[in-house]
Amino acid sequence: IPLQNEAIKDDRVARNEFNTRLNLAEKKLSETLNFCFESAHWVYKNKPLKTISLSELSSHISDEIYKYTPRVSNELINRDLPSGIAVGGRAKLISQMVNQSNEENLGITGNPPELSFYLNIIKSAGMHKKSVDGLLQFTKPKKDSSLVKLYESLDKLLSNMKRLSIYDIYSNWAKPPYGVKSGIMPILLISFYLSRVDEIALYEEDTFRPNIDATFIEKFMFSPELVFIQKIELGETQIELINSMKKFISSEFKVKIKSDSVLEICKPLVNAAYQLHPFVRRSRSLDKIDKNAQALRQALVSTKNPYEL
């Protein structure tokens, strides 16, 4: 108004008077609004609430809407748009989780950002600890952890062997009642996967990935729409076959399979096929030797589902 009114614009005394009255009006409006909020009777979901301040009210409603939000005391990574330093630390942490899970603090030394992420998110929730045989491993969150409901959400999302992209998982977690920040989603999901590695399969688009390498970690973090996850469930009729395969794999590959999981049994087979010389993987001369061998090789290198394999 002062700039539009020529009388005020060119009159210093009038401008000062106007500004004084404007400040008084703003103060009076603020006092009136504060009084209204302080004396208001609040109703939420058709239920009256006791007299509380506006900040207490908003906090109360937020707690109810986002009742399963993980409590993570690390502002560097617990945000939707973490800094470059935080993103770099997250990548290093996930690499250590995959490759150094049997070491104390995942083998992280010094005080880099990834160590604080590990301590605040993973270790505090009891998701990385020693098993009964004394080996460090990933496991489900402890009962009093704020991550329990989020961990259990995977069972609902992946029910009936449904295959979902990581993007779909993240989209669900971002909504109520979870409200998870984007920065910590990859850390949480890879933690949950490693604690259930014998029952959850990862895919790069349509291809089953028995192992996680640096390239896959990059896609996991920056291209979640290309990475898929599926929970593998077996029926009773398949148990006998699985037990027979377990004995064969343990004997022929000299590996110790700790569970009856189809994933644990398939991984040595698929890895063996991928480690073949490129010529052997592609050669059709196997037709002259054994068609079954070629069929098996093709099934192993192109499998899209360990359950179907």
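Residue numbers start at 1 and run along the sequence shown. Any value given below was found using the heavy atoms of this structure, including those in side chains, with hydrogens, waters and symmetry copies removed.
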Are Leu194 and Met97 close enough, and set up right, to give a side-chain contact (heavy atoms from CB on, under 4.5 Å), and what steps lead you there?
-> CA-CA 8 Å; Leu194 291 173; Met97 291 167 67; 3.9 Å; yes
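- Ring orientation note: the planes of Tyr44 and His60 are nearly perpendicular, at an angle over 60° on the 30°/60° scale.
- Looking at every heavy atom in both residues, Ser116 comes nearest to Pro113 through OG-O, 2.7 Å.
- Here the shortest heavy-atom pairing between Gly179 and Thr69 reads O-CG2, 3.8 Å.
- For Lys156 and Glu152, the salt-bridge test fails: no basic side-chain N is under 4.0 Å from an acidic carboxylate O.
- A pairwise comparison of heavy atoms in Ile94 and Ile187 identifies CD1-N, 4.4 Å as the closest pair.
- With salt bridges taken as basic N to acidic carboxylate O contacts below 4.0 Å, one links Glu104 and Lys123.
- Ser195 pairs by the side chain to side chain contact (heavy atoms under 4.5 Å, CB included) definition with Phe138, Tyr151, not counting sequence neighbours.
- In this structure, the separation between NE2 on His128 and OG on Ser101 is 5.5 Å, given to the nearest 0.5 Å.
- Taking every heavy atom of both residues into account, Phe192 and Pro141 meet most closely at CE2-CG, 4.3 Å.
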Can you list the steps and then say if Leu76 with Ser83 is a side-chain contact (heavy atoms from CB on, under 4.5 Å)?
-> CA-CA 7 Å; Leu76 184 61; Ser83 66; 3.9 Å; yes
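- Two residues are said to be in side-chain contact when any heavy atoms from C-beta on lie closer than 4.5 Å; Asn172 and Leu164 fail this criterion.
- Distance alone, capped at 3.5 Å, places no donor-acceptor pair between the Ser251 side chain and the Phe248 backbone.
- In this structure, Arg209 forms no cation-pi arrangement with Tyr203, as its terminal cationic atom is not both closer than 6.0 Å to the ring centre and no more than 45° off the ring axis.
- Separation of atoms CD (Gln275) and CG (Asn271) is listed at 5.5 Å; rounding is to 0.5 Å.
- Salt-bridge annotation for Glu199 and Arg196: present, with a side-chain N of the basic residue lying under 4.0 Å from a carboxylate O of the acidic one.
- The heavy-atom pair separating Gly183 from Pro82 by the smallest distance is CA-CG, 4.1 Å.
- Side-chain contact, Asp168 with Ser171: no donor N or O sits under 3.5 Å from an acceptor N or O.
- Between Leu202 and Phe208 the shortest side-chain heavy-atom distance does not fall below 4.5 Å.
- Between Arg90 and Glu114, none of the side-chain N atoms (NZ, or NE/NH1/NH2) sits under 4.0 Å from a carboxylate O, so this pair counts as no salt bridge.
- The side chain to side chain contact (heavy atoms under 4.5 Å, CB included) check on Glu205 picks up Leu226, with sequence neighbours excluded.
- Leu147 and Ile121 make their closest contact through CD1-O, 3.8 Å (heavy atoms, listed as atom of the first residue, atom of the second, distance).
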